[in-house]
Asker: 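I have a structure here, written as structure tokens, and I will follow up with some questions on it.
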2 protein chains.
Amino acid sequence: MYQLTNSLPYMLNRVGVRMGDLFSRRIAGYSVTLPMYRVMAALWEKGDQRLGDLAAMTTIEISTLSRLIGEMKRRGLVTRTRLKDNARTVAINLTPKGRTLVEELIPIAIHFEEVAVSNFPAKNIVDLKTVLAEIYESLNSIEPEIAEANKARKAAKARG
Amino acid sequence: MYQLTNSLPYMLNRVGVRMGDLFSRRIAGYSVTLPMYRVMAALWEKGDQRLGDLAAMTTIEISTLSRLIGEMKRRGLVTRTRLKDNARTVAINLTPKGRTLVEELIPIAIHFEEVAVSNFPAKNIVDLKTVLAEIYESLNSIEPEIAEANKARKAAKARG
DNA sequence: ACATATCATTTGCAAATGCAATTATTGTTT
DNA sequence: AAACAATAATTGCATTTGCAAATGATATGT
């Protein structure tokens with residue numbers, strides 16, 4: 001018997017949303033939203049990124065991200081500069097102010113995660129992360145199947 | 001060295017969003033959005049729910065859900081009836097049409113999950129789900145700590 | 001019984017989101 | 001080199017979202 005509450009997408013979404021919500025509230029006092037933190041932490045890990053790369057890294061839709069970067073630039077957290085050698089792309093980086101801020105937030109993130117998983121043996125968490133990473137990879141390969149199933153149904157519908 | 005891309009909230013969000021996105025596209029041909037599917041599957045699993053219960057079960061914010069139920073009622077997928085004995089609450093249920101539809105979608109969800117995890121031993125997936133469920137539970141207990149850390153900082157800020 | 005508090009849901013409104021179209025630049029074909 | 005295709009980012013616009021306030025209903029204290 002199928003149960004939504006025992007399905008993987010449901011469980012992932014539920015824990016992900018809840019964690020995001022808690023952490024979001026944890027950092028709200030710094031006037032930083034969760035997407036902003038993700039962008040800064042992504043840039044801290046790997047600077048000089050293009051918009052599309054950052055979008056892939058943060059799972060934020062590209063037009064949303066474009067506007068978010070605009071706002072973060074206005075706040076002096078990041079720079080966004082057109083490249084001279086390829087002016088259709090843009091390089092995004094942390095400003096010193098952005099770097100200082102994210103380096104203040106990262107320890108909070110670390111502590112948050114420590115507390116969240118403190119009930120579990122370290123090995124379980126390592127395994128969990130490994131499986132999550134692998135599932136993410138494997139999703140890429142099922143994408144074609146999804147698209148095809150969709151197409152098949154559309155065609156059937158068109159036929160009546 | 002901290003890496004956003006190795007942090008649990010990030011990894012959860014990434015896989016969760018990606019899976020949701022893929023499944024969303026998979027069912028788009030049925031003119032059903034992912035939140036709608038979640039509501040229907042939740043009601044299929046446990047009918048006669050109040051708005052707040054459904055919100056907790058689906059992790060959809062309550063006002064968003066109120067409007068979503070309105071739309072689904074307009075489409076004839078669910079009923080929303082005030083109780084006679086307690087008219088401030090509302091009982092939400094699937095209509096026959098909604099039930100038929102969700103019973104068409106559930107096999108798709110099952111297949112989707114099977115494909116997504118087909119590269120992994122069943123035991124890994126069972127373990128994964130167990131840990132996810134436990135983490136979700138444990139998050140409830142850290143909520144106070146989050147609230148407190150926040151308050152402490154606000155107070156410090158107020159002091160200057 | 002009346003005022004007040006609490007609970008459950010809905011709604012107003014401003015902000016965030018995402019798709020599609022647009023702009024700007026670079027790459028390719030003949 | 002001109003025309004066309006492809007890539008990258010931005011923007012217009014309609015929809016969705018979420019907080020806070022409002023509404024409606026029940027429970028509680030005096």
Side-chain angles (χ1 to χ4, degrees), chain A residues 13 16-18 20-25 27-29 31-39 42-43 48-75 78-93 147 150, chain B residues 13 16-18 20-25 27-29 31-39 42-43 48-75 78-93 147 150:
Chain A
N13 178 66
V17 168
R18 192 81 215 291
D21 188 57
L22 283 171
F23 186 65
S24 196
R25 281 152 58 191
I27 64 176
S31 304
V32 174
T33 64
L34 180 58
M36 284 181 187
Y37 168 74
R38 290 218 169 106
V39 166
L43 288 172
D48 218 41
Q49 294 206 60
R50 304 185 311 174
L51 194 65
D53 300 333
L54 252 189
M57 191 166 173
T58 57
T59 330
I60 298 174
E61 205 273 335
I62 201 163
S63 68
T64 301
L65 186 60
S66 177
R67 279 178 271 241
L68 178 61
I69 297 295
E71 169 63 17
M72 292 175 74
K73 183 176 176 177
R74 286 208 313 100
R75 295 196 191 184
V78 300
T79 59
R80 172 174 52 184
T81 45
R82 295 270 172 190
L83 304 185
K84 297 122 214 143
D85 56 325
N86 184 351
R88 74 182 161 192
T89 73
V90 94
I92 301 163
N93 279 286
N150 234 333
Chain B
N13 178 66
V17 169
R18 193 79 215 295
D21 190 56
L22 283 172
F23 187 64
S24 198
R25 281 152 58 193
I27 63 175
S31 304
V32 174
T33 65
L34 181 56
M36 282 179 189
Y37 168 74
R38 289 217 170 107
V39 166
L43 288 174
D48 218 42
Q49 294 206 62
R50 303 186 312 175
L51 194 64
D53 300 332
L54 253 188
M57 191 166 174
T58 58
T59 331
I60 299 174
E61 204 273 338
I62 202 163
S63 67
T64 301
L65 188 60
S66 175
R67 280 179 271 242
L68 178 61
I69 296 295
E71 169 64 17
M72 292 175 74
K73 183 176 177 177
R74 284 207 315 97
R75 296 196 190 184
V78 300
T79 58
R80 171 173 51 184
T81 43
R82 294 270 172 189
L83 304 184
K84 296 126 214 139
D85 55 325
N86 183 351
R88 76 183 163 192
T89 72
V90 95
I92 301 163
N93 277 287
N150 234 334

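Sequence lines set the chain letters: A, B, ... in the order given, protein chains first and strands last, and positions in each chain run from 1. Side-chain atoms are counted along with the backbone in the values below, which use heavy atoms only and exclude waters and symmetry mates. These numbers were taken from a predicted model, which means no experiment stands behind them.
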Asker: Say whether, by atom type as modelled, one donor and one acceptor occur between the side chain of B:D48 and the main chain of B:A91 under 3.5 angstrom.
Answerer: no
Asker: Identify, between A:N86 and B:T89, the residue whose nearest nucleotide on DNA chain C lies closer to the 5' end.
Answerer: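 This one resolves to B:T89.
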Asker: Could you check which of D:dT11, C:dC7, C:dT26 has an atom nearest any side-chain atom of B:R88?
Answerer: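 So the side chain of B:R88 is nearest to C:dC7.
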Asker: Closest approach to the side chain of A:I62, judged atom by atom: which nucleotide of D:dT10, C:dT26, C:dT10 is it?
Answerer: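 Nearest to the side chain of A:I62 among the choices is D:dT10.
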Asker: Within this structure, what is the CZ-to-P distance between B:R74 and D:dT15, rounded to whole angstrom?
Answerer: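 My rounded result for the distance is 12 Å.
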Asker: Taking only N and O in the side chain of A:R80, is any of them less than 4.0 Å away from OP1 or OP2 of D:dT10?
Answerer: yes
Asker: Calculate the interatomic distance between A:L65 atom CG and D:dA8 atom C1'; express it in whole Å.
Answerer: 13 Å
Asker: Please give, in whole Å, the distance from C:dC7 C1' to B:L83 CG?
Answerer: 14 Å
Asker: Can you check the A:E71 CD to C:dT17 C1' distance for me, whole Å?
Answerer: 15 Å
Asker: Minimum heavy-atom separation for B:R82 to B:R88, with atom names?
Answerer: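 Minimum heavy-atom contact is NH1-O, 3.4 Å.
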Asker: Distance check: side-chain N/O of B:S66 vs OP1/OP2 of C:dT10, anything under 4.0 Å?
Answerer: yes
Asker: When the distance from NZ of B:K73 to C1' of C:dT10 is rounded to whole Å, what number comes out?
Answerer: 13 Å
Asker: In whole angstrom, give the distance that lies between atom CD1 of B:I69 and atom P of C:dT9.
Answerer: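 The distance from CD1 of B:I69 to P of C:dT9 comes to 11 Å, rounded to the nearest Å.
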Asker: Can you measure from CG (A:L34) to CD1 (A:I27) and round to the nearest 0.5 angstrom?
Answerer: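 That separation rounds to 5.5 Å.
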Asker: As a test of reading the structure: which of D:dA8, D:dA25, C:dT10 is closest to the side chain of B:R82, going by heavy atoms?
Answerer: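 Nearest to the side chain of B:R82 among the choices is C:dT10.
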Asker: What does the list of N/O pairs under 3.5 Å between the protein and nucleotides 17-19 of chain D look like, with a distance for each?
Answerer:
from   : atom 1 : to    : atom 2 : distance (Å)
D:dG18 : OP2    : B:T64 : OG1    : 2.7
D:dG18 : N7     : B:R67 : NH2    : 3.2
D:dG18 : O6     : B:R67 : NH1    : 3.4
D:dG18 : O6     : B:R67 : NH2    : 2.7
D:dC19 : N4     : B:S63 : OG     : 3.0

Asker: Taking only Lys NZ, Arg NE, NH1 and NH2, and the carboxylate oxygens of Asp or Glu, determine whether A:R50 and A:D53 approach each other closer than 4.0 Å.
Answerer: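 The answer is yes: the pair qualifies as a salt bridge.
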Asker: Quickly work out the B:M36 CE to D:dT15 C1' distance and round it to whole Å.
Answerer: 12 Å
Asker: Do B:T58 side-chain atoms and B:L54 backbone N/O form a donor-acceptor pair below 3.5 Å?
Answerer: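 Such a contact is found between B:T58 side chain and B:L54 backbone.
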Asker: Measure the OG-CE distance between A:S31 and A:M36 for me, rounded to the nearest 0.5 Å.
Answerer: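 The OG atom of A:S31 sits 9.0 Å away from the CE atom of A:M36.
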Asker: Between A:R75 and A:E71, is there a side-chain N and carboxylate O pair less than 4.0 Å apart?
Answerer: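 Salt bridge present between A:R75 and A:E71.
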Asker: Rounded to the nearest Å, what distance is computed from the CG atom of residue A:L51 to the P atom of nucleotide C:dT25?
Answerer: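 These atoms are roughly 16 Å apart.
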